[in-house]
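What follows is one structure encoded as structure tokens, with my remarks underneath.
In what follows, chains carry the letters A, B, and so on, assigned in the order in which the sequence lines appear, proteins first and then strands, with residues in each chain numbered from 1.
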Amino acid sequence: MLEKTFDPKAVEPRLYAAWEASGAFKPSEDPNAEPFVIVIPPPNVTGSLHIGHALNNTLQDVLTRFHRMRGKAALWLPGTDHAGIATQMVVERQLAAAGNIGRRDMGRDAFVERVWEWKAESGGAITNQLRRLGASCDWSRERFTLDEGLSAAVRKVFVQLYKQGLLYRDKRLVNWDPQFQTAISDLEVEQKEVDGAYWHFAYPLADGVTYQHPVAFDDEGKPTQFETRDYIVVATTRPETMLGDTGVAVHPSDERYKDLVGKDVVLPIVGRRIPIVADDYADPTKGSGAVKITPAHDFNDFGVGKRAGLPAINILTPEAKLNDAVPAEYQGMDRFAARKAIVARAEEEGWLKEIEKTKHMVPHGDRSGVVIEPYLTDQWYVDAYTLAQPALKAVETGETVFEPRHWEKTYFEWLRNIEPWCVSRQLWWGHRIPAWFGPEGSIFVEETEEAAYAAAREQFGADVVLNRDEDVLDTWFSSALWPFSTLGWPEKTPDVARFYPTSTLVTGFDIIFFWVARMMMMGIHFMGEAPFKQVFINALVRDEKGAKMSKSKGNVIDPLALIDELGCDAVRFTLTAMSGQARDIKLSKQRIEGYRNFGTKLWNATRFAQMNGCVRVEGFDPASVAQPINKWIRGEVVKTLGEVTKALEAPAFDEAAGSLYRFIWNVFCDWYLELAKPILNGEDEAAKAETRATTAWVLDQILILLHPVMPFITEELWDKTAEEGGPARQAMLISTSWPELPESWIDADAAAEIGWLVDTVGEIRSLRAEMNVPPSAKPALAVVGAGEGTQGRLSRHRDLLLSLARLGEISLADAAPAGTAPVVMGEATGALGVAEFIDVAAEKTRLTKEIAGHVSEIEKTGKKLGNPDFLARAKPEVVDENRERLAEAEAAKAKLEAALQRLAAMA
RNA sequence: GGGCGGUUAGCUCAGCGGUAGAGCGUCUCGCUUACACCGAGAAUGUCGGGGGUUCGAUCCCCUCACCGCCCACCA
């Protein structure tokens with residue numbers, strides 16, 4: 001006998017181990033089995049499982065288990081990511097906290113060694129946490145982005161792209177993170193609004209030049225008054241950059257400054273003469289219309305400088321301190337200190353014209369949180385534009401489909417405006433760039449050092465000294481190869497042949513650019529076809545107030561704590577049920593408790609079946625059942641199977657969860673088991689045996705259908721129900737086939753009959769409650785106007801009606817006896833003998849209210865049907881439906897009015 | 001500045017052209033031999049505002065308001 005409740009803690013580890021040991025996590029080797037493949041979005045190897053992972057991986061596991069049960073060769077390929085900056089940052093922090101020397105003092109080899117140690121120490125955590133979630137990954141295929149195979153793939157891709165001209169080295173402005181002292185990509189920059197100011201500076205014109213500057217305007221905006229100026233005003237949010245100015249730009253059509261183009265200004269403090277140039281970039285409507293140009297520290301200015309031939313003077317060190325290109329007094333000063341100093345100096349010397357306080361967007365490093373500087377360096381770039389074109393096409397043509405579809409717009413938008421991807425990072429933890437620098441600026445990009453030397457020897461005709469590039473690659477470079485590198489590429493492995501392209505990618509919208517788009521680009525370029533058929537974008541999990549969870553806010557919900565407390569299945573079901581499309585998931589514990597209760601409900605339903613001897617019967621054929629409730633529930637199983645299958649194919653996880661919940665709780669437990677009780681306790685042995693067998697069969701179907709979402713409780717019940725006798729289980733539930741049941745098992749007559757029964761019981765219960773008939777009272781029911789069909793139903797379900805509606809007796813009558821209240825029973829009317837309990841006034845109120853409801857319905861529908869346009873243009877079935885509705889409402893109203901009259905007569 | 005999404009019962013959300021739904025919460029009953037992590041019943045909505053299309057609009061179109069997110073060169 002089952003315990004009263006399910007004990008997840010005891011069961012989960014045992015079942016997980018049993019699944020893994022059984023080999024169920026490995027894809028079927030049946031060559032006829034169609035593959036179903038998911039590659040996991042690799043979590044940071046040193047990370048730990050947060051609720052977002054729990055959602056993402058639950059959905060992947062639901063899909064994997066579903067397709068596995070459907071007979072596919074299901075592969076869910078797990079692995080972890082080395083997460084360059086994030087991991088390096090953690091280890092650096094650890095070193096600092098322990099009072100150790102920093103990484104630069106430690107040296108590269110020692111530091112990298114230290115990171116590997118940290119990986120070894122913490123690296124198993126996240127995969128073990130995935131196991132606790134029930135993830136049925138094929139751990140024998142687990143990969144790590146820095147393992148040897150994946151590193152080989154990275155080298156091969158880098159070299160090939162280089163040789164195809166799709167990857168190149170360039171000197172241009174990059175987003176420079178002064179804390180990590182590395183370049184980062186555009187995507188790693190976060191714009192944040194901060195308080196700032198526009199400082200308006202007056203740059204004096206050289207050589208005594210002056211001009212007339214308008215200072216007053218008429219209504220039409222024409223200048224009416226001018227003043228003579230010997231300076232030009234420019235505004236900046238970063239005063240310190242003026243030390244690197246090499247020009248001032250004005251718009252070519254700007255009348256105010258027309259005569260100044262070609263003249264020079266003398267840069268304050270520095271004393272450098274810099275030219276005033278004409279460039280479309282200068283916007284006459286902004287500020288003074290003149291803009292200072294710092295080509296080495298501003299993306300726009302870099303372009304202006306190139307067009308106008310202005311030099312780029314770098315004034316910063318990698319830590320963002322002023323370098324020796326600036327006057328001695330400022331050298332070594334931090335950029336923000338320099339800002340203050342320059343402003344103070346400008347004020348003192350009188351060339352600070354105005355301070356305009358404002359808020360503006362300032363770029364910050366997404367990891368470091370510090371302000372990013374545009375910085376002129378040599379880096380490696382991928383020609384993302386070229387790679388993006390086929391990636392766009394793949395989604396445009398539907399080779400790859402996003403679910404929900406609207407995310408395709410986001411994908412298109414980014415890819416259509418894509419910029420070169422800076423892939424080199426001045427970090428130590430990551431894939432070393434396979435490039436070697438030789439004499440005379442030569443570069444050799446090869447997969448091995450030997451090959452690089454060989455190429456150099458060939459070029460120079462002699463042995464030369466090469467220096468390997470010190471940089472590593474952006475983490476996302478290796479992640480971009482994940483769908484094929486994990487399968488063994490560039491080796492021609494059977495896995496590559498069988499499992500590429502993969503089926504569905506399940507991931508969050510926050511990495512559509514970082515990851516999905518780049519996998520699309522690399523997958524198509526190197527494999528010839530897109531890496532996934534479907535990209536399912538899951539929602540973002542937020543706290544119950546809708547706030548994004550973050551450690552600093554302290555609102556992080558730990559999925560493992562929830563699993564400990566409420567069980568893995570409850571957490572999984574909650575996440576599945578709440579994963580509606582493209583919505584934030586606001587997670588509350590209450591909700592999870594509700595689904596824990598759902599598990600308990602199923603557990604107890606099984607317990608009830610056990611207590612009533614509902615043992616599975618060898619060779620039982622549901623097609624053969626005779627009892628209406630059994631015919632009915634058989635059909636309900638078929639319907640539910642259809643709904644769940646369709647939902648998981650889509651996938652529409654919330655719909656699958658909803659169907660399961662409704663069927664198991666509201667249909668099977670609330671009605672079928674209740675309806676089965678009189679039979680199970682009755683004398684009809686044949687009906688009893690049939691109902692027992694049916695119950696056991698339905699339970700089996702429930703366990704199968706629910707298994708992808710709630711794997712533990714279902715597997716446990718699968719095991720426990722087998723102990724009761726019946727045929728031996730062929731396999732664990734995880735390896736059991738998804739059912740295919742004939743639609744013909746849906747019996748319309750049985751459904752109608754049980755529907756009638758359920759409605760009748762509902763009506764009577766409702767009536768009893770409203771009239772305060774005590775639960776112990778057993779009123780009689782007289783049925784008026786029962787046709788043959790109703791009479792048959794009454795006799796077949798007499799016992800059920802008596803017990804479920806708590807009736808004393810049921811009889812047929814020609815007219816409603818006195819002292820009764822009406823019950824709608826299809827075409828017949830029940831008369832519930834409630835005289836002794838009745839509160840006449842309350843009953844009158846009730847009937848009047850109900851009549852009013854029907855009257856408004858009659859008015860509404862009648863109006864519709866009286867509209868010739870409606871009759872002429874609406875679909876015929878809709879018209880018929882309305883006619884029926886009207887007839888029903890009128891009939892019901894008549895019955896109730898009759899009852900009201902009787903009541904009036906009584907009083 | 002550009003784009004995307006949202007606004008439906010107290011809360012969280014589903015529905016997306018033909019009688020407004022679920023879960024939770026609330027209220028009232030109930031220890032009926034599976035389950036109080038339960039059962040029975042009930043209440044609750046100008047489906048953000050305003051136009052339009054339609055026989056008919058929560059659902060389609062336009063517009064406004066508010067909320068959230070993403071992208072964008074910090075004059």
Is the shortest side-chain N/O distance from K677(A) to OP1 or OP2 of A34(B) below 4.0 Å? yes
What are the atom names and distances for every N/O pair under 3.5 Å that joins the protein to nucleotides 29-31 of chain B?
none

Counting side-chain heavy atoms from C-beta on, which of C4(B), G25(B), G18(B) comes nearest to Q590(A)? G25(B)
Counting only side-chain N and O atoms of R873(A), is one of them less than 4.0 Å from OP1 or OP2 of C55(B)? yes
Side-chain donor/acceptor of T695(A) to backbone N/O of C614(A), under 3.5 Å: no
From CE of M578(A) over to C1' of A22(B), roughly how many Å is that when rounded to an integer? 12 Å
Among C73(B), A75(B), G5(B), which nucleotide sits nearest the side chain of Y198(A)? A75(B)
Is a salt bridge present between R238(A) and D298(A), judged by a nitrogen-to-oxygen distance below 4.0 Å? yes
Take the angle between the ring planes of W665(A) and F598(A) and call it parallel below 30°, perpendicular above 60°, tilted in between. parallel
Can you tell me how far P of U32(B) sits from CD1 of I764(A), to the nearest Å? 21 Å
Indicate, with a heavy-atom threshold strictly under 4.0 Å, whether P774(A) touches base, sugar-phosphate, or nothing. nothing
Please report the distance, rounded to the nearest Å, between CZ in R692(A) and C1' in A34(B). 15 Å
Produce a footprint string for nucleotides 38-44 of chain B: one letter per nucleotide, 5' end first; B if the base is under 4.0 Å from any protein heavy atom, S if only the sugar-phosphate is, - if neither. SSSSS--
Quick one: Y661(A) OH to U12(B) C1', roughly how many Å, whole number? 14 Å
Across the strands shown, which category fits E857(A) at heavy-atom distances under 4.0 angstrom: base, sugar-phosphate, nothing? base
Under 3.5 Å donor-acceptor, K893(A) side chain and V855(A) backbone: no
With a 4.0 Å cut-off on N to O distance, would you call K677(A) and E674(A) a salt bridge? yes
What is the distance from CD of E408(A) to P of C4(B), rounded to the nearest Å? 14 Å
Parallel, tilted or perpendicular for Y375(A) and H297(A), by the 30°/60° rule? tilted
Look at the rings of Y672(A) and F668(A) and say which category their plane angle falls in: under 30° parallel, 30 to 60° tilted, over 60° perpendicular. parallel
Closest to the R806(A) side chain, choosing from U19(B), C71(B), U32(B): U32(B)
Counting only heavy atoms not in Y281(A), do more than 12 sit closer than 6.0 Å to its OH atom? yes
Between F712(A) and F6(A), does the ring centroid distance fall short of 6.0 Å? no
First encountered from the 5' end of RNA chain B, between D298(A) and T5(A): T5(A)
Donor-acceptor pair present, R591(A) side chain and C24(B) base, under 3.5 Å: no
Can a donor-acceptor pair under 3.5 Å be found between the side-chain atoms of E674(A) and the base atoms of A34(B)? yes
What is the nucleic acid contact for A249(A), judged by heavy atoms within less than 4.0 Å: base, sugar-phosphate only, or nothing? nothing
With a cut-off of 6.0 Å (strictly less than), are more than 12 heavy atoms of other residues, nucleotides or ligands near CD of E193(A)? yes
Just to be sure I follow the notation: if a pair is Watson-Crick (purine N1 to pyrimidine N3 plus N6-O4 or O6-N4) or a G-U wobble (N1-O2 and O6-N3), each under 3.5 Å, what dot-bracket string does RNA chain B give, with | for pairs to another strand? ((((((((.[[[[.)..(..]]]].(((((.......))))).....[[[[[..)....]]]]])))))))....
Answer yes when K409(A) and E413(A) have at least one side-chain N-carboxylate O distance shorter than 4.0 Å, and no when they do not. no
L865(A) has an atom CG; how far is it from atom C1' of C55(B), in whole Å? 11 Å
Take the protein atom CG of N666(A) and the nucleotide atom P of G21(B), then report the distance between them rounded to whole Å. 15 Å
Look at the side chain of F513(A) and decide which nucleotide, out of A72(B), C70(B), G18(B), has an atom nearest to it. C70(B)
